[in-house]
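Sequence positions, counted from 1, serve as the residue numbers for this chain.
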Amino acid sequence: METALEVMVEHTGQSKPSRTMVIERARARVIARFGPEVVPQPSRATAFRVVAELERRHPLFRLSAKRNRDIAERPKGPYGKLRPTRPGEYVLMDTTRLDVFACDPLTLRWVKAELTVAMDWYTRCITGIRVTPVSTKAVDVSAVLFQCFPPRPTGRDWPRGALWPEHGIPRTVLVDVEGAVGPGLASAPLVPETLVVDHGKVYVSEHLTSVCRRMGISIQPARLRTGRDKGPVERFFRTLREGLLEALPGYKGPDIHSRGEHPEGDAFLFLDELEAIIREWTATVYHCRPHSSLVDPGLPGLRMSPAAMFEHGMARAGYIEVPRDPNLAFEFPATKWRTVQHYGVEIDRRRYCGPGLPNPGIRSPFDGPVMGAWPFQVDPDDITRIYFRNPDTRMWHTLVWEHAPAARMPLSEDALAYARKLAEAKYRYPDDRLAVADLLERWNLGLGTTLTERRMDLRMSREQAAIPLPSIGEPDAAVALPSVRRALGQDAGLPGISPGEATVEEGDDDAADEEPFDEDTFYADALEDV
(Lines give C-alpha, C1' and ligand atoms only; values in the text may rest on other atoms or scores of the structure.)
Protein backbone atom coordinates (compact mmCIF):
# COMPACT_ATOMS: atom_id res chain seq x y z
CA MET A 1 0.00 0.00 0.00
CA GLU A 2 2.86 2.39 0.76
CA THR A 3 4.49 1.69 -2.59
CA ALA A 4 1.19 2.08 -4.47
CA LEU A 5 0.58 5.43 -2.77
CA GLU A 6 4.11 6.50 -3.70
CA VAL A 7 3.44 5.66 -7.37
CA MET A 8 0.15 7.58 -7.27
CA VAL A 9 1.85 10.68 -5.84
CA GLU A 10 4.47 10.58 -8.60
CA HIS A 11 1.69 10.80 -11.23
CA THR A 12 0.22 14.01 -9.78
CA GLY A 13 1.77 16.30 -12.39
CA GLN A 14 1.50 13.80 -15.24
CA SER A 15 -1.35 12.56 -17.37
CA LYS A 16 -3.96 10.41 -15.67
CA PRO A 17 -2.85 6.73 -15.58
CA SER A 18 -5.01 3.64 -15.33
CA ARG A 19 -5.43 1.59 -12.16
CA THR A 20 -3.80 -1.43 -13.79
CA MET A 21 -0.62 0.49 -14.59
CA VAL A 22 -0.35 1.77 -10.99
CA ILE A 23 -0.76 -1.77 -9.64
CA GLU A 24 1.84 -3.23 -12.02
CA ARG A 25 4.38 -0.50 -11.23
CA ALA A 26 3.82 -0.96 -7.49
CA ARG A 27 4.41 -4.73 -7.79
CA ALA A 28 7.57 -4.23 -9.85
CA ARG A 29 8.94 -1.67 -7.39
CA VAL A 30 8.25 -3.92 -4.38
CA ILE A 31 10.06 -6.85 -6.03
CA ALA A 32 13.03 -4.61 -6.96
CA ARG A 33 13.36 -3.30 -3.40
CA PHE A 34 12.75 -6.43 -1.28
CA GLY A 35 13.30 -9.28 -3.72
CA PRO A 36 10.93 -11.82 -5.23
CA GLU A 37 8.44 -13.64 -2.99
CA VAL A 38 9.40 -11.57 0.08
CA VAL A 39 6.36 -9.32 0.29
CA PRO A 40 3.06 -11.16 -0.32
CA GLN A 41 1.36 -9.91 -3.47
CA PRO A 42 -2.43 -9.32 -3.31
CA SER A 43 -4.82 -10.69 -5.84
CA ARG A 44 -6.15 -8.53 -8.66
CA ALA A 45 -9.47 -7.87 -6.92
CA THR A 46 -7.72 -7.02 -3.63
CA ALA A 47 -5.30 -4.73 -5.43
CA PHE A 48 -8.19 -2.82 -7.01
CA ARG A 49 -9.84 -2.45 -3.58
CA VAL A 50 -6.57 -1.14 -2.13
CA VAL A 51 -6.22 1.40 -4.94
CA ALA A 52 -9.84 2.51 -4.41
CA GLU A 53 -9.07 3.04 -0.71
CA LEU A 54 -5.95 5.04 -1.54
CA GLU A 55 -8.06 7.17 -3.92
CA ARG A 56 -9.64 8.84 -0.85
CA ARG A 57 -6.22 9.91 0.43
CA HIS A 58 -4.78 11.00 -2.93
CA PRO A 59 -7.33 11.45 -5.79
CA LEU A 60 -5.95 10.34 -9.13
CA PHE A 61 -8.51 8.39 -11.21
CA ARG A 62 -12.02 9.70 -10.52
CA LEU A 63 -11.58 13.47 -11.03
CA SER A 64 -9.89 15.41 -13.83
CA ALA A 65 -6.12 15.77 -13.88
CA LYS A 66 -6.33 19.51 -13.23
CA ARG A 67 -8.62 19.01 -10.23
CA ASN A 68 -6.30 16.33 -8.85
CA ARG A 69 -3.37 18.74 -9.02
CA ASP A 70 -5.37 21.41 -7.18
CA ILE A 71 -6.21 18.95 -4.38
CA ALA A 72 -2.60 17.77 -4.12
CA GLU A 73 -1.36 21.37 -3.74
CA ARG A 74 -3.53 22.07 -0.71
CA PRO A 75 -1.68 22.93 2.49
CA LYS A 76 -1.19 20.04 4.86
CA GLY A 77 -2.53 21.89 7.90
CA PRO A 78 -5.46 24.24 8.43
CA TYR A 79 -5.21 27.56 6.64
CA GLY A 80 -7.04 30.86 6.93
CA LYS A 81 -7.95 33.66 4.57
CA LEU A 82 -8.15 37.43 4.39
CA ARG A 83 -11.15 38.83 6.22
CA PRO A 84 -12.21 42.29 5.00
CA THR A 85 -13.86 44.53 7.58
CA ARG A 86 -14.97 47.51 5.48
CA PRO A 87 -15.70 48.45 1.85
CA GLY A 88 -12.62 49.08 -0.26
CA GLU A 89 -10.18 47.30 2.06
CA TYR A 90 -9.55 44.51 -0.48
CA VAL A 91 -10.46 44.75 -4.18
CA LEU A 92 -10.15 41.61 -6.31
CA MET A 93 -9.24 41.93 -10.00
CA ASP A 94 -9.19 39.16 -12.54
CA THR A 95 -9.64 38.48 -16.26
CA THR A 96 -11.43 35.57 -17.90
CA ARG A 97 -12.24 34.47 -21.43
CA LEU A 98 -15.99 34.87 -21.99
CA ASP A 99 -17.96 31.78 -22.99
CA VAL A 100 -19.77 33.71 -25.70
CA PHE A 101 -18.68 35.01 -29.09
CA ALA A 102 -18.90 38.68 -30.04
CA CYS A 103 -19.12 40.26 -33.48
CA ASP A 104 -16.29 42.01 -35.32
CA PRO A 105 -17.68 45.38 -36.55
CA LEU A 106 -15.23 45.43 -39.48
CA THR A 107 -15.59 41.98 -41.03
CA LEU A 108 -18.91 40.97 -39.40
CA ARG A 109 -17.28 37.74 -38.20
CA TRP A 110 -17.17 36.28 -34.69
CA VAL A 111 -14.33 37.12 -32.36
CA LYS A 112 -13.36 35.97 -28.88
CA ALA A 113 -13.75 38.42 -26.00
CA GLU A 114 -12.24 38.75 -22.53
CA LEU A 115 -13.84 40.24 -19.42
CA THR A 116 -11.91 42.12 -16.73
CA VAL A 117 -13.70 43.00 -13.50
CA ALA A 118 -12.91 44.57 -10.13
CA MET A 119 -14.85 43.33 -7.08
CA ASP A 120 -15.00 44.71 -3.58
CA TRP A 121 -14.38 41.74 -1.32
CA TYR A 122 -16.45 43.01 1.62
CA THR A 123 -19.64 43.77 -0.30
CA ARG A 124 -19.16 41.58 -3.43
CA CYS A 125 -20.02 44.67 -5.49
CA ILE A 126 -18.61 44.83 -9.02
CA THR A 127 -16.91 48.22 -9.23
CA GLY A 128 -15.36 47.95 -12.71
CA ILE A 129 -16.16 46.11 -15.95
CA ARG A 130 -14.26 46.05 -19.24
CA VAL A 131 -14.80 43.77 -22.28
CA THR A 132 -11.85 43.63 -24.68
CA PRO A 133 -11.39 41.81 -27.99
CA VAL A 134 -8.95 38.89 -28.25
CA SER A 135 -6.69 39.84 -25.31
CA THR A 136 -6.48 42.26 -22.40
CA LYS A 137 -3.82 44.92 -22.06
CA ALA A 138 -2.46 46.83 -19.09
CA VAL A 139 -4.41 49.95 -20.11
CA ASP A 140 -7.64 47.93 -19.85
CA VAL A 141 -6.81 46.81 -16.31
CA SER A 142 -5.97 50.41 -15.40
CA ALA A 143 -9.32 51.51 -16.88
CA VAL A 144 -11.18 49.00 -14.70
CA LEU A 145 -9.35 50.33 -11.64
CA PHE A 146 -10.26 53.88 -12.65
CA GLN A 147 -13.97 52.96 -12.67
CA CYS A 148 -13.79 52.37 -8.90
CA PHE A 149 -13.31 56.09 -8.28
CA PRO A 150 -15.85 57.68 -10.69
CA PRO A 151 -18.25 54.88 -11.74
CA ARG A 152 -19.94 54.91 -15.11
CA PRO A 153 -23.39 56.56 -15.39
CA THR A 154 -26.44 54.35 -15.54
CA GLY A 155 -28.59 53.55 -18.53
CA ARG A 156 -31.64 55.54 -19.40
CA ASP A 157 -34.16 52.77 -18.71
CA TRP A 158 -32.55 51.16 -15.66
CA PRO A 159 -34.85 50.60 -12.65
CA ARG A 160 -34.51 52.90 -9.69
CA GLY A 161 -33.27 50.13 -7.43
CA ALA A 162 -30.19 49.61 -9.60
CA LEU A 163 -28.95 53.21 -9.25
CA TRP A 164 -26.23 54.16 -6.79
CA PRO A 165 -26.18 57.60 -5.16
CA GLU A 166 -23.45 60.12 -5.73
CA HIS A 167 -20.67 60.06 -3.13
CA GLY A 168 -17.66 62.24 -2.54
CA ILE A 169 -19.69 65.20 -1.17
CA PRO A 170 -17.80 67.20 1.48
CA ARG A 171 -18.90 66.49 5.02
CA THR A 172 -19.65 70.15 5.68
CA VAL A 173 -22.41 70.13 3.04
CA LEU A 174 -25.86 69.07 4.23
CA VAL A 175 -27.77 67.27 1.51
CA ASP A 176 -31.29 65.89 1.55
CA VAL A 177 -30.66 62.42 0.17
CA GLU A 178 -34.34 61.73 -0.45
CA GLY A 179 -34.78 64.94 -2.39
CA ALA A 180 -31.60 64.59 -4.47
CA VAL A 181 -32.35 63.53 -8.03
CA GLY A 182 -29.96 62.74 -10.83
CA PRO A 183 -28.86 60.07 -13.28
CA GLY A 184 -27.15 58.00 -10.59
CA LEU A 185 -24.17 55.68 -10.89
CA ALA A 186 -23.87 52.17 -12.30
CA SER A 187 -21.79 50.80 -9.41
CA ALA A 188 -20.61 51.65 -5.93
CA PRO A 189 -17.85 54.29 -5.76
CA LEU A 190 -14.90 53.09 -3.68
CA VAL A 191 -11.32 53.96 -2.83
CA PRO A 192 -9.31 50.69 -3.08
CA GLU A 193 -6.75 50.17 -0.36
CA THR A 194 -5.29 46.81 -1.49
CA LEU A 195 -5.51 45.03 -4.85
CA VAL A 196 -5.49 41.23 -4.85
CA VAL A 197 -4.32 40.11 -8.30
CA ASP A 198 -2.71 37.07 -9.85
CA HIS A 199 0.63 36.87 -11.65
CA GLY A 200 -0.68 37.68 -15.12
CA LYS A 201 1.48 39.85 -17.32
CA VAL A 202 -0.96 42.77 -17.28
CA TYR A 203 -1.24 42.70 -13.48
CA VAL A 204 2.49 42.73 -12.71
CA SER A 205 3.27 45.32 -15.38
CA GLU A 206 4.97 48.62 -14.68
CA HIS A 207 1.83 50.43 -15.86
CA LEU A 208 -0.44 49.09 -13.11
CA THR A 209 2.32 49.24 -10.51
CA SER A 210 3.01 52.92 -11.19
CA VAL A 211 -0.73 53.77 -11.06
CA CYS A 212 -1.09 52.07 -7.68
CA ARG A 213 2.01 53.83 -6.42
CA ARG A 214 0.60 57.26 -7.32
CA MET A 215 -2.85 56.47 -5.89
CA GLY A 216 -1.48 54.96 -2.66
CA ILE A 217 -2.86 51.46 -3.36
CA SER A 218 -1.09 48.34 -2.12
CA ILE A 219 -0.75 45.25 -4.32
CA GLN A 220 -1.04 41.78 -2.80
CA PRO A 221 -0.39 39.06 -5.38
CA ALA A 222 -2.11 35.73 -4.98
CA ARG A 223 -0.20 32.49 -4.75
CA LEU A 224 0.86 30.83 -7.97
CA ARG A 225 -1.80 28.57 -9.49
CA THR A 226 -4.09 29.12 -6.51
CA GLY A 227 -7.46 30.27 -7.75
CA ARG A 228 -9.10 30.10 -4.31
CA ASP A 229 -7.15 33.19 -3.24
CA LYS A 230 -9.58 35.10 -5.47
CA GLY A 231 -12.54 32.83 -4.82
CA PRO A 232 -15.33 35.46 -4.81
CA VAL A 233 -14.45 36.85 -8.24
CA GLU A 234 -14.05 33.34 -9.66
CA ARG A 235 -17.53 32.55 -8.34
CA PHE A 236 -18.85 35.70 -10.02
CA PHE A 237 -17.61 34.46 -13.38
CA ARG A 238 -19.56 31.25 -12.91
CA THR A 239 -22.67 33.15 -11.80
CA LEU A 240 -22.36 35.38 -14.86
CA ARG A 241 -22.12 32.39 -17.16
CA GLU A 242 -25.06 30.54 -15.61
CA GLY A 243 -27.25 33.60 -15.13
CA LEU A 244 -26.61 35.60 -18.32
CA LEU A 245 -24.22 34.22 -20.91
CA GLU A 246 -26.16 30.98 -21.37
CA ALA A 247 -29.14 32.99 -22.63
CA LEU A 248 -27.14 35.09 -25.13
CA PRO A 249 -26.62 34.19 -28.80
CA GLY A 250 -23.17 32.86 -29.57
CA TYR A 251 -22.83 30.97 -26.26
CA LYS A 252 -20.19 28.26 -26.66
CA GLY A 253 -20.12 26.60 -23.24
CA PRO A 254 -17.41 26.42 -20.60
CA ASP A 255 -15.34 23.79 -22.45
CA ILE A 256 -15.02 22.05 -25.79
CA HIS A 257 -17.25 19.17 -24.66
CA SER A 258 -20.16 21.59 -24.00
CA ARG A 259 -19.91 23.47 -27.30
CA GLY A 260 -22.68 23.34 -29.85
CA GLU A 261 -22.29 22.52 -33.51
CA HIS A 262 -22.04 26.12 -34.84
CA PRO A 263 -22.19 28.62 -31.93
CA GLU A 264 -20.32 31.28 -33.91
CA GLY A 265 -23.08 31.38 -36.48
CA ASP A 266 -25.51 32.96 -34.01
CA ALA A 267 -23.29 35.81 -32.76
CA PHE A 268 -24.55 39.28 -33.55
CA LEU A 269 -23.69 41.25 -30.38
CA PHE A 270 -20.91 43.78 -30.81
CA LEU A 271 -18.30 44.24 -28.10
CA ASP A 272 -19.80 47.45 -26.71
CA GLU A 273 -23.27 45.89 -26.71
CA LEU A 274 -21.98 42.84 -24.84
CA GLU A 275 -20.33 45.07 -22.24
CA ALA A 276 -23.53 47.11 -21.82
CA ILE A 277 -25.56 43.93 -21.28
CA ILE A 278 -23.13 42.61 -18.67
CA ARG A 279 -23.06 45.97 -16.91
CA GLU A 280 -26.85 46.19 -16.79
CA TRP A 281 -27.26 42.59 -15.59
CA THR A 282 -24.72 43.19 -12.84
CA ALA A 283 -26.51 46.32 -11.63
CA THR A 284 -30.10 45.09 -11.89
CA VAL A 285 -29.73 41.41 -10.96
CA TYR A 286 -26.41 40.58 -9.29
CA HIS A 287 -26.24 43.58 -6.95
CA CYS A 288 -29.88 43.15 -5.85
CA ARG A 289 -29.90 39.38 -5.23
CA PRO A 290 -29.07 38.00 -1.74
CA HIS A 291 -25.81 36.07 -1.45
CA SER A 292 -25.27 33.18 0.94
CA SER A 293 -21.77 34.44 1.82
CA LEU A 294 -22.89 37.96 2.79
CA VAL A 295 -23.87 37.70 6.45
CA ASP A 296 -23.70 39.84 9.55
CA PRO A 297 -22.12 38.08 12.56
CA GLY A 298 -24.79 39.66 14.77
CA LEU A 299 -27.60 38.25 12.57
CA PRO A 300 -26.32 34.96 11.12
CA GLY A 301 -29.69 34.10 9.57
CA LEU A 302 -29.91 37.27 7.52
CA ARG A 303 -28.87 37.03 3.86
CA MET A 304 -27.96 40.36 2.27
CA SER A 305 -27.40 41.46 -1.30
CA PRO A 306 -24.24 43.34 -2.36
CA ALA A 307 -26.22 46.60 -2.39
CA ALA A 308 -27.47 45.99 1.16
CA MET A 309 -23.98 44.94 2.25
CA PHE A 310 -22.60 48.19 0.90
CA GLU A 311 -25.07 50.17 3.02
CA HIS A 312 -24.09 48.00 5.98
CA GLY A 313 -20.43 48.75 5.34
CA MET A 314 -21.12 52.47 5.05
CA ALA A 315 -22.86 52.44 8.43
CA ARG A 316 -20.04 50.42 9.92
CA ALA A 317 -16.96 52.10 8.41
CA GLY A 318 -18.32 55.62 7.94
CA TYR A 319 -17.69 58.14 5.20
CA ILE A 320 -15.83 57.13 2.00
CA GLU A 321 -13.32 59.74 0.88
CA VAL A 322 -13.75 59.56 -2.89
CA PRO A 323 -11.32 61.84 -4.81
CA ARG A 324 -13.07 64.81 -6.41
CA ASP A 325 -10.30 65.84 -8.80
CA PRO A 326 -11.85 66.42 -12.25
CA ASN A 327 -8.50 65.51 -13.87
CA LEU A 328 -8.11 62.22 -11.98
CA ALA A 329 -8.21 60.24 -15.24
CA PHE A 330 -4.75 61.53 -16.24
CA GLU A 331 -3.20 59.50 -13.41
CA PHE A 332 -4.15 56.16 -14.98
CA PRO A 333 -2.44 56.06 -18.41
CA ALA A 334 1.12 54.75 -18.69
CA THR A 335 3.91 56.96 -17.34
CA LYS A 336 7.01 57.59 -19.44
CA TRP A 337 10.07 59.31 -17.97
CA ARG A 338 11.84 61.47 -20.54
CA THR A 339 14.15 64.47 -20.59
CA VAL A 340 13.15 67.73 -22.27
CA GLN A 341 15.21 68.73 -25.32
CA HIS A 342 15.17 71.84 -27.51
CA TYR A 343 12.80 70.13 -29.96
CA GLY A 344 10.44 68.85 -27.26
CA VAL A 345 10.04 65.34 -25.89
CA GLU A 346 10.85 62.10 -27.70
CA ILE A 347 9.03 58.86 -26.79
CA ASP A 348 9.65 55.74 -28.89
CA ARG A 349 10.98 57.83 -31.80
CA ARG A 350 7.96 60.18 -31.62
CA ARG A 351 8.49 63.87 -30.91
CA TYR A 352 5.96 65.92 -28.96
CA CYS A 353 5.80 69.61 -28.22
CA GLY A 354 3.28 72.12 -26.97
CA PRO A 355 2.63 74.90 -24.48
CA GLY A 356 3.40 74.23 -20.83
CA LEU A 357 6.52 72.19 -21.52
CA PRO A 358 9.42 73.18 -19.20
CA ASN A 359 12.57 74.63 -20.68
CA PRO A 360 15.44 72.25 -21.38
CA GLY A 361 17.68 73.92 -18.80
CA ILE A 362 15.27 73.53 -15.86
CA ARG A 363 16.21 70.74 -13.45
CA SER A 364 13.52 68.13 -12.86
CA PRO A 365 12.35 67.99 -9.21
CA PHE A 366 11.21 64.35 -9.59
CA ASP A 367 13.25 61.45 -8.28
CA GLY A 368 12.39 59.08 -11.10
CA PRO A 369 14.15 56.11 -12.66
CA VAL A 370 15.97 58.44 -15.10
CA MET A 371 18.16 61.28 -13.84
CA GLY A 372 16.70 64.67 -14.76
CA ALA A 373 13.61 63.18 -16.45
CA TRP A 374 10.02 64.40 -16.27
CA PRO A 375 6.90 62.16 -16.12
CA PHE A 376 4.58 62.16 -19.13
CA GLN A 377 1.26 60.29 -19.34
CA VAL A 378 0.82 58.27 -22.55
CA ASP A 379 -2.39 56.56 -23.66
CA PRO A 380 -1.43 53.46 -25.73
CA ASP A 381 -4.74 53.68 -27.64
CA ASP A 382 -4.10 57.28 -28.78
CA ILE A 383 -0.45 58.28 -29.19
CA THR A 384 -1.21 61.46 -31.14
CA ARG A 385 -0.96 63.37 -27.87
CA ILE A 386 0.57 63.00 -24.42
CA TYR A 387 -0.11 64.83 -21.17
CA PHE A 388 2.18 66.64 -18.76
CA ARG A 389 1.45 68.09 -15.32
CA ASN A 390 3.35 71.18 -14.22
CA PRO A 391 4.57 70.53 -10.65
CA ASP A 392 4.41 74.24 -9.75
CA THR A 393 0.92 75.13 -11.00
CA ARG A 394 -0.53 71.54 -10.83
CA MET A 395 -2.11 72.16 -14.24
CA TRP A 396 -2.25 69.55 -17.00
CA HIS A 397 -0.99 70.38 -20.50
CA THR A 398 -1.42 68.55 -23.81
CA LEU A 399 1.60 67.87 -26.04
CA VAL A 400 0.84 66.98 -29.67
CA TRP A 401 2.79 64.59 -31.87
CA GLU A 402 4.49 66.27 -34.82
CA HIS A 403 2.80 63.88 -37.31
CA ALA A 404 -0.64 63.99 -35.68
CA PRO A 405 -2.25 65.93 -38.59
CA ALA A 406 -1.34 63.08 -40.95
CA ALA A 407 -3.19 60.53 -38.82
CA ARG A 408 -6.58 62.31 -38.95
CA MET A 409 -7.82 59.87 -36.25
CA PRO A 410 -6.70 58.33 -32.94
CA LEU A 411 -3.69 56.12 -33.62
CA SER A 412 -2.70 53.31 -31.28
CA GLU A 413 0.82 52.33 -30.34
CA ASP A 414 0.49 48.93 -31.98
CA ALA A 415 -0.80 50.48 -35.20
CA LEU A 416 2.22 52.77 -35.48
CA ALA A 417 4.65 49.93 -34.79
CA TYR A 418 2.97 47.83 -37.48
CA ALA A 419 2.98 50.76 -39.92
CA ARG A 420 6.72 51.24 -39.36
CA LYS A 421 7.30 47.57 -40.06
CA LEU A 422 5.39 47.76 -43.35
CA ALA A 423 7.16 50.96 -44.37
CA GLU A 424 10.62 49.53 -43.67
CA ALA A 425 9.90 46.62 -46.00
CA LYS A 426 8.58 48.89 -48.77
CA TYR A 427 10.70 52.08 -48.68
CA ARG A 428 14.41 52.71 -48.36
CA TYR A 429 14.10 55.84 -46.18
CA PRO A 430 10.74 55.57 -44.39
CA ASP A 431 9.48 58.06 -41.81
CA ASP A 432 6.46 58.14 -39.53
CA ARG A 433 4.44 60.43 -41.77
CA LEU A 434 4.88 58.09 -44.74
CA ALA A 435 4.23 55.00 -42.62
CA VAL A 436 0.97 56.35 -41.17
CA ALA A 437 -0.27 57.54 -44.55
CA ASP A 438 0.53 54.16 -46.11
CA LEU A 439 -1.26 52.29 -43.31
CA LEU A 440 -4.39 54.47 -43.58
CA GLU A 441 -4.45 53.97 -47.35
CA ARG A 442 -4.14 50.23 -46.83
CA TRP A 443 -7.11 50.23 -44.43
CA ASN A 444 -9.18 52.43 -46.75
CA LEU A 445 -8.65 49.95 -49.59
CA GLY A 446 -9.79 47.08 -47.39
CA LEU A 447 -6.40 45.34 -47.35
CA GLY A 448 -6.13 45.22 -43.56
CA THR A 449 -7.12 41.58 -43.25
CA THR A 450 -4.23 40.09 -41.27
CA LEU A 451 -4.70 38.94 -37.67
CA THR A 452 -2.50 41.75 -36.34
CA GLU A 453 -4.44 44.43 -38.22
CA ARG A 454 -7.78 42.96 -37.13
CA ARG A 455 -6.76 43.21 -33.48
CA MET A 456 -5.75 46.84 -33.92
CA ASP A 457 -8.96 47.63 -35.80
CA LEU A 458 -11.08 46.02 -33.11
CA ARG A 459 -9.60 48.18 -30.38
CA MET A 460 -9.91 51.34 -32.48
CA SER A 461 -13.50 50.57 -33.52
CA ARG A 462 -14.85 50.66 -29.98
CA GLU A 463 -17.27 53.49 -29.28
CA GLN A 464 -15.82 54.38 -25.85
CA ALA A 465 -12.17 54.79 -24.89
CA ALA A 466 -10.54 52.72 -22.18
CA ILE A 467 -9.95 55.76 -19.96
CA PRO A 468 -12.20 58.77 -20.71
CA LEU A 469 -9.67 61.60 -20.48
CA PRO A 470 -11.19 65.05 -19.90
CA SER A 471 -10.48 67.93 -22.24
CA ILE A 472 -7.82 70.37 -21.07
CA GLY A 473 -8.25 74.12 -21.27
CA GLU A 474 -11.15 76.49 -21.20
CA PRO A 475 -13.21 77.29 -24.33
CA ASP A 476 -12.49 80.41 -26.27
CA ALA A 477 -13.90 83.43 -24.45
CA ALA A 478 -15.13 84.99 -27.70
CA VAL A 479 -17.02 81.87 -28.71
CA ALA A 480 -18.62 81.67 -25.27
CA LEU A 481 -20.21 85.13 -25.58
CA PRO A 482 -24.02 85.00 -25.94
CA SER A 483 -24.01 87.31 -28.95
CA VAL A 484 -21.43 85.20 -30.77
CA ARG A 485 -23.35 82.00 -29.98
CA ARG A 486 -26.54 83.51 -31.38
CA ALA A 487 -24.69 84.59 -34.52
CA LEU A 488 -23.30 81.09 -34.97
CA GLY A 489 -26.69 79.50 -34.34
CA GLN A 490 -25.45 77.62 -31.24
CA ASP A 491 -27.92 79.20 -28.83
CA ALA A 492 -31.19 77.33 -28.44
CA GLY A 493 -32.97 80.60 -27.61
CA LEU A 494 -32.61 82.37 -30.94
CA PRO A 495 -35.42 84.90 -31.34
CA GLY A 496 -37.88 83.83 -33.98
CA ILE A 497 -35.88 80.71 -34.99
CA SER A 498 -36.30 77.31 -33.49
CA PRO A 499 -33.20 75.16 -32.80
CA GLY A 500 -34.11 72.81 -35.64
CA GLU A 501 -34.59 75.59 -38.18
CA ALA A 502 -31.20 77.19 -37.48
CA THR A 503 -29.25 74.33 -39.05
CA VAL A 504 -31.54 73.34 -41.93
CA GLU A 505 -30.43 74.20 -45.45
CA GLU A 506 -32.85 74.05 -48.37
CA GLY A 507 -31.50 72.59 -51.59
CA ASP A 508 -32.37 73.32 -55.18
CA ASP A 509 -33.75 69.85 -55.90
CA ASP A 510 -37.47 69.47 -56.07
CA ALA A 511 -38.81 67.06 -53.49
CA ALA A 512 -41.40 65.83 -55.97
CA ASP A 513 -38.67 64.50 -58.27
CA GLU A 514 -37.27 62.17 -55.58
CA GLU A 515 -38.19 58.51 -55.59
CA PRO A 516 -40.42 57.33 -52.75
CA PHE A 517 -38.59 55.65 -49.85
CA ASP A 518 -39.36 51.98 -49.36
CA GLU A 519 -38.10 50.50 -46.07
CA ASP A 520 -38.51 46.90 -47.27
CA THR A 521 -36.17 47.15 -50.27
CA PHE A 522 -33.79 49.95 -49.25
CA TYR A 523 -31.40 47.66 -47.30
CA ALA A 524 -31.92 44.58 -49.44
CA ASP A 525 -28.43 44.70 -51.01
CA ALA A 526 -26.57 46.29 -48.08
CA LEU A 527 -24.60 43.12 -47.20
CA GLU A 528 -23.95 41.77 -50.69
CA ASP A 529 -20.33 42.98 -50.78
CA VAL A 530 -19.71 41.60 -47.30
Side-chain angles (χ1 to χ4, degrees), residues 94-119 126-137 139-141 143-144 147 151-159 162 186-187 233 236-256 258-289 381 410 412 448-449 451 453-468 519 523-524 526-530:
D94 199 5
T95 302
T96 185
R97 180 65 61 85
L98 287 179
D99 298 329
V100 62
F101 288 116
C103 191
D104 183 344
L106 297 176
T107 61
L108 298 182
R109 298 176 59 183
W110 60 267
V111 64
K112 296 180 180 180
E114 288 191 352
L115 173 66
T116 304
V117 299
M119 170 188 284
I126 304 299
T127 58
I129 295 176
R130 176 74 175 172
V131 176
T132 55
V134 185
S135 61
T136 304
K137 295 187 176 182
V139 64
D140 300 315
V141 178
V144 173
Q147 295 178 21
R152 294 287 182 88
T154 60
R156 293 177 296 179
D157 53 349
W158 285 19
S187 59
V233 70
F236 168 76
F237 291 148
R238 175 184 170 185
T239 304
L240 176 67
R241 175 174 60 84
E242 296 177 352
L244 176 65
L245 299 184
E246 289 182 350
L248 296 180
Y251 175 71
K252 59 187 180 66
D255 50 45
I256 190 65
S258 305
R259 182 171 299 185
E261 187 175 1
H262 296 291
E264 63 275 8
D266 300 332
F268 65 89
L269 293 175
F270 293 104
L271 293 170
D272 56 334
E273 295 175 338
L274 182 60
E275 179 177 322
I277 292 175
I278 295 176
R279 195 180 300 275
E280 183 177 0
W281 177 87
T282 303
T284 58
V285 178
Y286 181 79
H287 285 167
C288 302
R289 186 168 55 189
D381 290 337
S412 64
T449 56
L451 181 60
E453 291 175 304
R454 283 191 60 195
R455 291 182 179 180
M456 294 184 298
D457 295 344
L458 281 173
R459 292 191 63 90
M460 297 177 65
S461 63
R462 296 207 50 172
E463 292 186 358
Q464 67 272 19
I467 303 176
E519 294 183 356
Y523 295 102
L527 298 178
E528 287 184 356
D529 296 336
V530 180

Enquirer: What distance separates Leu274 CG from Leu98 CG, expressed to the nearest 0.5 Å?
Expert: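 Rounded to the nearest 0.5 Å, the CG-CG separation comes to 6.0 Å.
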Enquirer: If you round to the nearest 0.5 Å, how far is CG of Leu115 from CG of Asp94?
Expert: 9.5 Å
Enquirer: If the condition is ring pair (Phe, Tyr, Trp, His ring centres under 6.0 Å), which residues does Phe237 pass it with, not counting sequence neighbours?
Expert: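 Once residues adjacent in sequence are excluded, Phe237 has no partner under the ring pair (Phe, Tyr, Trp, His ring centres under 6.0 Å) criterion.
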Enquirer: Which pair of heavy atoms, one from Val131 and one from Ala113, lies closest together, and at what distance?
Expert: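 Scanning both residues completely, I find the closest heavy atoms to be CG1-CB, 4.0 Å.
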Enquirer: Only counting residues at least two apart or in another chain, list the ones meeting salt bridge (charged side-chain N to carboxylate O under 4.0 Å, His left out) with Arg289.
Expert: none
Enquirer: Could you tell me which residues satisfy side chain to side chain contact (heavy atoms under 4.5 Å, CB included) with Thr95, sequence neighbours excluded, listed by chain and number?
Expert: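 Side chain to side chain contact (heavy atoms under 4.5 Å, CB included) check on Thr95 returns Glu114, Thr116, Thr136, Tyr203.
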Enquirer: Phe236 versus Thr282: any side-chain heavy-atom pair under 4.5 Å?
Expert: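 They are in side-chain contact.
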Enquirer: Shortest non-hydrogen contact from Ile126 to Tyr286?
Expert: CG1-CE2, 4.0 Å
Enquirer: Considering all heavy atoms of both residues, which atom of Ile129 and which atom of Glu275 are nearest to each other, and what is their separation?
Expert: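 Smallest interatomic distance, heavy atoms only, reads O-OE2, 3.9 Å.
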Enquirer: Please output the side-chain donor-acceptor pairs of residues 244-256 that fall under 3.5 Å, not counting sequence neighbours, one pair per line with the distance.
Expert:
| unit_1 | atom_1 | unit_2 | atom_2 | d |
| --- | --- | --- | --- | --- |
| Asp255 | OD1 | His257 | N | 3.1 |
| Asp255 | OD1 | Ser258 | N | 2.9 |
| Asp255 | OD1 | Ser258 | OG | 2.9 |

Enquirer: Assess the residue pair Ile278 and Val117 against the criterion (side-chain contact (heavy atoms from CB on, under 4.5 Å)); give the C-alpha distance rounded to whole Å, side-chain angles, the decisive distance to 0.1 Å, and a yes or no.
Expert: CA-CA 11 Å; Ile278 295 176; Val117 299; over 6 Å; no
Enquirer: Measuring from atom CH2 of Trp158 to atom CZ of Arg279, what distance do you get when rounded to the nearest 0.5 angstrom?
Expert: 7.0 Å
Enquirer: Which residues pass the side chain to side chain contact (heavy atoms under 4.5 Å, CB included) test with Ala143, sequence neighbours left out?
Expert: Ala466, Ile467
Enquirer: Identify the two heavy atoms, one from Pro263 and one from Phe101, that lie closest to each other, and give their separation to 0.1 Å.
Expert: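 For Pro263 and Phe101, the tightest heavy-atom pair comes out as CG-CE1, 4.0 Å.
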Enquirer: Arg259: which residues meet the side-chain hydrogen bond (donor to acceptor under 3.5 Å, both in side chains) condition with it, sequence neighbours left out?
Expert: none
